Protein chains: 2
Amino acid sequence: MANGQDMNDFRTRRATVKDVARLAGVSPGTVSNALSGARAVDRETRQRVEAAVAELGYVPNLAARHFRTGLSNTLAVMTSMPPAVSAGSSKLGFLMEVAASAAISALEHNATLVLVPPIADPETALRNVVMDGAILIEPAQSDPFLDLLTRRGVPVVVIGQPPRDDLPWIDMHYRQTADLLIGHLLQQPTRCMPLLIGASARASHAEAEAVYLERMAATGLPCHVIRIPEAAGEEGARQAMHALIRELPDLDAVFASVDAFATGVMCALREAGRAVPQQVRVATRYDGLRAREERPALTATNLHLDAVAGLAIDRLMDLLAGRPAPLRVEGPLPVLVPRGSSA
Amino acid sequence: MANGQDMNDFRTRRATVKDVARLAGVSPGTVSNALSGARAVDRETRQRVEAAVAELGYVPNLAARHFRTGLSNTLAVMTSMPPAVSAGSSKLGFLMEVAASAAISALEHNATLVLVPPIADPETALRNVVMDGAILIEPAQSDPFLDLLTRRGVPVVVIGQPPRDDLPWIDMHYRQTADLLIGHLLQQPTRCMPLLIGASARASHAEAEAVYLERMAATGLPCHVIRIPEAAGEEGARQAMHALIRELPDLDAVFASVDAFATGVMCALREAGRAVPQQVRVATRYDGLRAREERPALTATNLHLDAVAGLAIDRLMDLLAGRPAPLRVEGPLPVLVPRGSSA
DNA sequence: AGAGTTGAGTAAAACGATTTAATGAGCGAG
DNA sequence: CTCGCTCATTAAATCGTTTTACTCAACTCT
């Protein structure tokens with residue numbers, strides 16, 4: 001203030017470790033050690049350093065530290081699912097629910113979370129994202145984000161199930177989830193129940209299909225697996241559902257494993273004048289905004305994403321610290337949330 | 001896979017600009033210029049450099065670049081509102097809706113968004129967050145985040161209305177929003193309509209109160225302004241509402257400007273056996289998950305947070321680039337979303 | 001022809017922290 | 001007394017990029 005060195009510019013030049021060292025009468029190395037505790041420093045010296053830090057208002061230059069140590073204390077969360085299914089109408093959804101919890105977990109580990117928006121081109125999305133490690137949500141069999149991260153040597157923890165067997169992951173129990181929902185729908189007499197899954201090769205779709213085929217075989221019901229490109233989202237499911245209604249006049253239940261597909265299904269059923277749940281019962285996997293806001297609300301499962309996100313961050317920190325840990329971490333079990341769409 | 005060079009260790013040592021320079025037969029400085037375009041480089045030379053980059057799989061070290069240039073291409077979004085009101089039941093809400101849109105807008109500007117979780121201690125939350133600039137959501141009169149950012153010289157854009165008049169901000173039209181909602185409630189005959197706002201000194205609360213007092217004065221209705229600590233959240237509002245029901249037997253409408261307060265109000269009304277909307281009408285400001293999921297759903301306003309977030313990011317990039325721009329940016333006008341709670 | 005300008009490139013400095021290797025003091029054991 | 005050891009400290013190296021200050025050659029104008 002007193003010295004008129006720069007009016008328009010912010011920051012009058014921030015104090016560096018050198019300034020602190022000079023004021024405290026020690027060397028820069030000692031300042032570093034005093035503040036980080038990496039090496040022993042005399043009590044009295046440390047106090048002098050701390051006083052100097054306070055006097056100068058010294059704030060370490062994180063960029064320099066990051067550069068030198070190679071550690072940014074930053075974690076990223078991302079998914080290769082297109083926004084049509086990962087985000088949703090009001091931009092919330094699976095991804096953001098994970099991100100919110102992950103941000104808090106990250107903070108508890110002294111790390112920051114960056115949000116990588118779900119766009120088509122991972123190269124662009126990651127171009128200038130600095131990160132020590134990444135959380136990848138439900139990767140596909142050949143996942144562009146995963147490829148890029150691997151190429152760059154970024155440690156990754158997968159939420160869901162990884163396409164390779166050398167990656168740490170949080171088991172979200174795809175089988176149990178699908179079984180829970182399909183079993184629930186089958187509790188009432190059923191003539192015909194098609195399955196709608198994403199067209200991309202993701203474990204969540206594959207497991208849902210496997211369980212579906214098993215249960216249909218066991219009950220002697222016909223199998224109708226409809227694959228919808230994820231990017232087509234709600235509208236894609238709506239059109240597919242209209243086709244299904246024409247082809248399968250006696251369908252009386254639908255399992256749409258992706259919530260955006262489920263709302264598309266509901267839309268088509270409304271348009272076709274089929275009453276839910278009286279004529280057709282519907283269930284989906286993720287109990288998010290879409291499922292709850294639909295009328296009637298959609299039967300779904302509570303995936304405990306907050307807990308899953310926390311586990312993923314914990315596991316990632318273990319990985320970064322080199323602490324031994326099992327490759328597969330058991331996530332919480334899904335809990336059925338029955339709602340109007342299947343009652 | 002084929003070469004067994006490193007089993008346990010990631011990264012065999014990444015190529016640097018030096019390696020690229022050697023392979024291309026130029027100096028490091030030329031490589032930098034060729035890639036960034038900062039200075040003219042002969043077409044043929046540039047091609048050699050690009051070939052070397054491709055061959056070595058060179059990826060610039062962002063930490064070094066950040067260190068050297070002082071630019072991290074990272075923006076942060078944060079709020080001093082406690083999680084009880086900013087996040088909510090399933091961790092989603094205002095903050096995350098802004099964050100999601102901001103992340104995408106940031107990407108369009110070649111920047112990354114970091115999510116600062118809403119915890120009490122800003123010092124801790126920001127300790128190792130690297131950022132060129134910040135988006136601050138609805139700061140309080142004396143805002144700890146704002147103080148810290150100012151002290152560190154971080155450029156800030158405020159969403160809502162800043163407590164100081166030297167900060168760029170996006171006008172969310174607090175007055176109009178409050179007017180819209182209160183006016184809507186008053187369209188039906190009203191005997192007594194208390195106002196519930198947050199106890200902290202935020203412009204959003206203050207404006208809601210000002211409009212409320214004006215409208216009450218104009219219609220000759222009694223004024224009852226209840227201030228609830230934000231951290232008390234839904235439960236605090238529930239208790240306050242129970243007290244109100246006792247004190248004001250003829251209350252027939254409530255304007256709870258914070259959505260968490262509104263759901264607390266609904267809870268209390270249910271417990272007291274007051275039918276909504278028949279006996280008491282309720283409205284809140286933000287049309288988020290809470291408002292939509294409540295039964296009956298809450299009348300609220302669409303604040304167009306995605307657009308607001310985009311404007312904030314745009315404005316922040318202007319600020320960082322030193323481009324001239326007005327201090328106040330007009331956000332989209334709120335739109336009333338009438339729902340069951342006031343019909 | 002000489003002065004000035006432009007284009008393309010290079011060598012070296014700079015950024016600010018952490019870490020390594022070296023130094024010296026103090027102390028106990030032989 | 002000296003060797004070996006610990007403790008506290010320092011000087012200097014280091015990380016990889018961008019940028020500054022130069023150099024040199026090739027042109028353009030008078």
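Keep in mind that this is a model prediction, so the values were computed, not measured. Chain naming here is simple, since letters A, B, ... match the order of the sequence lines and numbering starts at 1 in each.
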Using 0.5 Å steps for rounding, measure from the CG atom of A:Leu62 to the OG1 atom of A:Thr112. 8.5 Å
Grab the CG-P distance between B:Leu35 and C:dG9 for me, whole Å please. 13 Å
Please report, rounded to the nearest Å, how far the P atom of D:dT10 is from the CZ atom of A:Arg22. 14 Å
B:Asn128 CG to C:dT18 P, in whole Å, measures 12 Å
B:Leu146 and B:Arg164: side chain to side chain contact (heavy atoms under 4.5 Å, CB included), yes or no, with the steps? CA-CA 10 Å; B:Leu146 184 54; B:Arg164 299 188 332 234; 4.2 Å; yes
Determine yes or no for a side-chain-to-main-chain donor-acceptor pair under 3.5 angstrom, with A:Asp143 supplying the side chain and A:Ala140 the backbone. yes
I'd like to know whether CZ of B:Arg43 has more than 12 heavy-atom contacts from other residues, nucleotides or ligands below 6.0 angstrom. no
Tell me the interatomic distance from B:Arg48, atom CZ, to C:dG9, atom C1', rounded to whole angstroms. 11 Å
Do NZ/NE/NH1/NH2 and the carboxylate oxygens of A:Glu330 and A:Arg328 come within less than 4.0 Å? yes
The helix from C:dA1-D:dT30 to C:dG30-D:dC1: angle between terminal helix axes, five bp per end, to the nearest 10 degrees, reads 40°
Heteroatom pairs (N/O) under 3.5 angstrom, protein to nucleotides 17-19 of chain D:
unit_1 : atom_1 : unit_2  : atom_2 : d
D:dT17 : OP1    : B:Tyr58 : OH     : 2.8
D:dT17 : OP1    : B:Asn61 : N      : 3.3
D:dT17 : OP2    : B:Val17 : N      : 2.5
D:dT17 : O5'    : B:Tyr58 : OH     : 3.3
D:dT18 : OP1    : B:Arg65 : NE     : 3.0
D:dT18 : OP1    : B:Arg65 : NH2    : 3.4
D:dT18 : OP2    : B:Ser32 : OG     : 2.9
D:dT18 : O2     : B:Arg68 : NH1    : 2.3
D:dT19 : O4'    : B:Arg68 : NH2    : 3.4

Under 3.5 Å between N/O atoms: give me all the protein pairs with nucleotides 6-8 of chain C, atom names plus distance.
none

Identify the residue among B:Ile137, B:Val156, B:Thr79, B:Leu136 that makes a side-chain contact (heavy atoms from CB on, under 4.5 Å) with B:Phe145. B:Leu136
Please check if the side chain of A:Ser36 supplies one atom and the backbone of A:Ser32 the other of a donor-acceptor pair under 3.5 Å. yes
A:Phe67 CZ to C:dT18 P: how many Å, rounded? 13 Å
Given A:Asp42 and A:Arg48, is the salt bridge (Lys or Arg N to Asp or Glu O under 4.0 Å) satisfied, shown in steps? CA-CA 10 Å; A:Asp42 193 77; A:Arg48 267 210 328 277; over 6 Å; no
Kindly determine whether B:Arg315 and B:Asp318 satisfy salt bridge (Lys or Arg N to Asp or Glu O under 4.0 Å), including the steps that lead there. CA-CA 5 Å; B:Arg315 184 62 183 84; B:Asp318 284 345; 5.1 Å; no
Can you check whether B:Gln161 reaches B:Arg202 side chain to side chain, under 4.5 Å on heavy atoms? no
Quick check: do B:Val116 and B:Val114 have side-chain heavy atoms less than 4.5 Å from each other? yes
